[in-house]
Each structure stands twice: as structure tokens, then as C-alpha cells.
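Structure first, then comments.
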Amino acid sequence: MLNVKLFQMQKFLTEPYEEALAPALKEAQVKLQTASGLGGDFTGWVHLPRDYDKEEFARIKAAAAKIQGNSKALVVIGIGGSYLGARGVIDCLCSPNYNLKKKNTPNVYFMGNGLSADAMKEVMDLLDGQDFSINVISKSGTTTEPAVAFRFFRAELEKRYGKTGAKERIFATTDKARGALKSLADAEGWETFVVPDNVGGRYSVLTAVGLLPVAVAGVDVDALMGGAAKMMEVCEKQADFSCPSWQYAATRFALYKAGYPIEVLACYDPAFRFMLEWWKQLYGESEGKDGKGLFPASVEFTADLHSMGQYMQSGTRNIFETVVRLGASENQLYVPKDEEDGDGLNFLAGESMDYIRDRAMEGTLLAHYEGGVPNLIIEADGKTADALGQLIYFFEYACGLSGYLLEVNPFDQPGVEAYKKNMFALLGKPGYEDRKAELEAKLK
């Protein structure tokens with residue numbers, strides 16, 4: 001089972017913060033479990049690993065099998081929480097080089113998360129001569145980036161297969177009953193899956209939003225949900241500091257109050273890169289409100305030790321570090337012996353890459369500690385679907401607790417709407433005409 005370790009934290013937190021925070025955490029626990037806190041209408045994810053729609057889950061697996069049978073590629077169209085979780089799971093469990101590997105499952109391309117014509121054209125070129133399907137993910141269907149991308153890829157699909165053929169290759173994950181995408185899907189006869197009303201985008205990876213793409217990639221979604229259910233039970237029943245989510249939420253809040261407002265999440269496996277990106281959205285969008293919140297940043301070790309490492313070791317002392325340890329690698333490689341020993345590395349001959357990695361992690365931990373950087377370690381059971389399910393739920397639950405400790409609504413995102421309104425006005429969207437001239441004047 002996943003656990004949290006604090007490395008010599010008494011150097012940085014001298015007060016008994018757990019005792020001081022226990023009442024607020026107990027209150028936050030009740031709010032999450034009973035949906036009675038700020039944003040309670042969006043806490044459907046709390047019991048999701050147990051109460052998910054079993055009929056839809058079966059349809060997700062059936063749709064994944066259908067796509068695997070008739071497509072060489074799946075284009076997943078979505079932005080933010082509509083793609084980061086799925087991409088993170090696929091990269092972590094299948095490989096960051098998933099699309100380059102020899103396999104029996106389709107390539108998965110993530111589009112609609114930006115506005116680059118070059119990126120879109122590149123994927124269109126990669127699809128040339130390949131049968132493909134689309135999974136478009138949007139609660140409303142009107143979010144600019146995915147809506148624009150969907151126009152392009154839908155047109156290409158209908159050009160190749162006609163409207164009737166394309167209908168069998170478009171899967172819409174959207175609102176249950178309303179919205180532009182739902183209306184369009186019903187009119188065209190596309191199969192639909194539900195973005196639950198009570199689950200916000202950044203908490204939606206264990207819904208159809210994330211499950212369909214990862215199932216297409218061959219991930220064991222039963223094990224993923226099973227791992228999440230294990231952690232859900234821990235968080236539900238262990239309403240004290242024996243719960244890892246309590247430990248994490250309390251320690252990071254105490255560090256924030258002690259003058260460490262920046263959290264850097266690190267992992268020593270490049271396959272975890274997009275899980276880091278998912279985590280940044282989860283915490284940044286949940287906590288950053290009302291002039292409050294920790295700033296979430298991420299690094300990939302050991303690569304970033306040769307870039308960001310200098311700042312982390314000797315820069316402003318306002319950061320703390322959380323390291324995710326995924327456990328043993330699936331593949332074990334051992335350093336070969338070189339008779340000439342020209343590089344002086346024969347002292348490592350016969351040692352595994354895991355052994356070297358772990359000593360690098362320990363050396364970094366000690367160096368950063370001595371340099372004044374507090375460290376937390378999150379130990380997972382391994383790089384498996386079960387372990388990743390535990391980790392996803394652990395982070396989600398701790399995020400909900402953390403938001404309530406900060407006394408903000410962890411489930412809304414009012415700041416995200418600001419750029420959209422300005423963009424709509426500058427693009428000339430109907431209804432925003434009054435703002436266009438004002439904004440253009442400011443840009444001069």
C-alpha cells in the first residue's frame with residue numbers, strides 16, 4: 001500500500017503541526033465524505049471507485065475492443081483534465097514511447113490541447129493511410145481548442161469513410177443530457193459516454209474521460225479502478241494521521257505556512273512526466289484562489305538535476321520537494337565490465353540501473369536537505385495499474401483536504417475563464433463585441 005515518508009522534517013517544522021491541524025482536517029474529512037463543503041456538488045469522485053456506473057464501464061471496455069479491432073490509431077481530443085490523466089496513465093504504464101513501440105493496440109494521439117497548426121498537421125500526416133477513430137471529450141462541446149480540433153479530424157474521418165462509416169468511429173464523452181456536443185452526438189448517432197455532473201475535469205481520470213483512452217492502449221482498467229478503491233477505503237475509514245492523504249495534506253499546508261509556498265514534485269522515471277503534468281493541473285487549479293495556494297512545479301530526475309538542480313540546491317529557500325518512488329523497474333539492466341576501465345566506472349560493474357538510481361535519489365535527498373529543502377517521499381507499490389490507481393486517488397483526496405485547509409473551494413476554477421473571455425472578444429465571437437475595441441487598444 002502507498003505510504004508517505006517525511007525526511008528529517010523536524011528541522012523545518014518544529015511545532016507539533018499534526019495536533020494543531022487535526023480539527024481542521026476532521027472537518028475537511030466530513031465535508032468530502034458528505035459533500036457538505038464548498039463545491040460539494042463536485043465531489044462525486046470521492047466514492048467513484050466503488051459507486052461507478054458498471055453498465056457504462058462495460059460499454060467502455062467494449063468500445064475499446066471495437067477501436068482496437070478496426071483502428072490503427074485513436075485521436076483523443078480534449079484539454080486539461082480531459083486529456084492529462086489519460087496521457088499520464090498511458091505514458092506511465094505503457095511507455096512515453098508508446099506510439100513508437102511494436103504492439104497489438106492502436107497508437108493514441110492527444111489533440112485539442114493547444115492551438116498549433118503545425119502540431120495538428122503533423123498528426124494528420126501520421127494518420128495518412130491508417131484507419132483511425134476519434135474520442136472527443138468535452139462537457140459542453142464549445143471549448144475552443146478541442147472544438148476546433150474536432151472540426152478538422154471529423155472532416156477527415158467523414159472524407160475517408162462517409163458519414164455512415166464515420167459514425168462508427170466517433171465516440172463522444174460529454175454531458176449526460178445537454179450541451180452542444182451531446183446534441184450533435186445524438187443527432188449524428190455517435191456512441192456517447194458521460195462526464196458526470198458531480199465530477200470536475202481535473203478529477204475525472206477514473207471516469208470515461210480517462211478510462212476509454214487508457215483501455216484502448218491496453219491498460220487493465222479493472223486493476224486501475226481496484227487500486228483506487230483500495231485507497232478510497234483507506235481515506236474513508238482511517239480519518240486520522242494513519243491515512244497517507246492526511247499526512248501529505250497536513251505537511252504541505254504546514255510547510256506553506258512556514259514560508260515554503262512552492263512545491264516541486266519529482267520522480268526518477270521519465271515515464272511519470274505526464275503524471276507530473278496531471279498533478280500540476282490538479283493542485284494548481286484547485287488551490288490557487290483568493291490570493292492563496294501553493295505553487296505546483298515539477299522536475300524529472302536525474303535529468304533536471306543538471307539544470308534546475310542548481311536552483312533547488314542553492315537558490316531562494318522557499319521550496320519544498322515531494323519525491324514519488326515507483327519501486328523496482330520491470331526490466332533489470334546491469335552495468336557491464338570494461339577491461340580497460342577508461343571511464344573509471346568499473347566500480348559499478350555488475351550493479352543494476354535501479355541500484356544506481358536509488359543511490360542517486362538518496363544522495364540528492366541528503367544534499368537538498370543539507371541545502372535547506374524540506375523533503376517528502378511518496379512510495380508506491382510499483383509501476384502497475386493497481387499502484388497507479390492508488391496514487392491517483394491519494395493525490396485527489398489530499399487535494400480536496402488541502403483546499404479546505406486553505407479555506408478555498410477546491411472544485412471550481414474561476415480564474416480559467418478570464419483568458420477565455422478575452423480570447424472570445426479578440427476573435428469577434430458574438431456577444432463580446434463591446435470588449436474587443438477596449439482589449440485591442442490595451443495591446444497597442
Side-chain angles (χ1 to χ4, degrees), residues 53 55-79 82-83 86-87 99 104-196 201 204 207-217 427 429-430:
D53 185 332
E55 184 275 330
E56 182 178 68
F57 191 77
R59 285 199 303 114
I60 288 169
K61 293 195 286 187
K66 178 180 178 181
I67 294 166
Q68 290 169 341
N70 69 9
S71 299
K72 292 294 184 182
L74 173 68
V75 180
V76 179
I77 298 174
I79 194 168
S82 294
Y83 95 98
R87 180 155 188 185
N99 284 348
N104 298 319
T105 51
N107 288 344
V108 180
Y109 299 101
F110 291 93
M111 299 302 298
N113 48 69
L115 292 167
S116 167
D118 290 341
M120 192 175 300
K121 182 61 167 59
E122 181 177 61
V123 172
M124 287 180 166
D125 290 343
L126 289 169
L127 293 172
D128 187 37
Q130 289 193 345
D131 288 320
F132 75 98
S133 296
I134 296 172
N135 177 205
V136 55
I137 307 168
S138 176
K139 183 76 169 172
S140 65
T142 59
T143 303
T144 305
E145 295 91 337
V148 168
F150 184 45
R151 282 201 176 196
F152 281 97
F153 287 100
R154 178 190 172 192
E156 179 61 27
L157 206 60
E158 291 180 348
K159 177 182 175 182
R160 291 195 197 185
Y161 305 103
K163 279 214 168 192
T164 301
K167 182 177 74 171
E168 299 301 315
R169 294 175 175 272
I170 298 177
F171 302 84
T173 306
T174 187
D175 191 271
K176 183 177 182 178
R178 59 187 182 275
L181 181 55
K182 174 60 176 172
S183 297
L184 186 59
D186 288 346
E188 297 291 338
W190 306 330
E191 183 167 7
T192 61
F193 299 96
V194 175
V195 181
S204 67
T207 72
V209 170
L211 292 176
L212 179 56
V214 303
V216 169
L427 288 170
K429 184 175 180 178

>> Holding to side chain to side chain contact (heavy atoms under 4.5 Å, CB included), I want the full list of residues that pass it with S133, two or more places apart in sequence or in another chain.
In response: I67, N70, S71, L74, R169, F171
>> Holding to side chain to side chain contact (heavy atoms under 4.5 Å, CB included), I want the full list of residues that pass it with E156, two or more places apart in sequence or in another chain.
In response: F132, K159, R160
> Are Y83 and I137 close enough that some pair of their side-chain heavy atoms sits under 4.5 Å apart?
Replying inline: no
Show me, pair by pair, the donor-acceptor contacts under 3.5 angstrom made by side chains of residues 111-120, not counting sequence neighbours?
unit_1 : atom_1 : unit_2 : atom_2 : d
N113   : ND2    : F110   : O      : 3.3
S116   : OG     : D118   : N      : 3.4
S116   : OG     : A119   : N      : 3.1

Ignoring hydrogens, what is the shortest heavy-atom contact between [X] and [Y]? Give both atom names and the distance.
X	Y	value
S138	L181	O-CD2, 3.6 Å
A217	V108	CB-CG2, 4.5 Å
A215	Q68	O-NE2, 3.2 Å
D175	K182	O-CD, 3.5 Å

> side chain to side chain donor-acceptor pair (under 3.5 Å) with E56: which residues, sequence neighbours excluded?
Replying inline: none
> With sequence neighbours left out, what residues match T144 under side chain to side chain donor-acceptor pair (under 3.5 Å)?
Replying inline: none
Any residue meeting salt bridge (charged side-chain N to carboxylate O under 4.0 Å, His left out) with [X], in chain and number order, not counting sequence neighbours:
X	result
R151	none
K167	none
E145	none
D53	none

>> Just verifying a value: how many Å separate I79 CD1 and T143 OG1, rounded to the nearest 0.5 Å?
In response: 7.5 Å
> Pick from P213, P146, S82: which one makes a side-chain contact (heavy atoms from CB on, under 4.5 Å) with V76?
Replying inline: P213
>> Under the rule for ring pair (Phe, Tyr, Trp, His ring centres under 6.0 Å), what residues qualify as partners of F57, not counting sequence neighbours?
In response: Y52
>> Going by ring pair (Phe, Tyr, Trp, His ring centres under 6.0 Å), name the residues that satisfy it together with F150, two or more places apart in sequence or in a different chain.
In response: W190
> Any salt bridge between E191 and R59, counting N to O under 4.0 Å?
Replying inline: yes
> How would you list all residue pairs meeting salt bridge (Lys or Arg N to Asp or Glu O under 4.0 Å) that involve residues 124-136, not counting sequence neighbours?
Replying inline: K121-D125
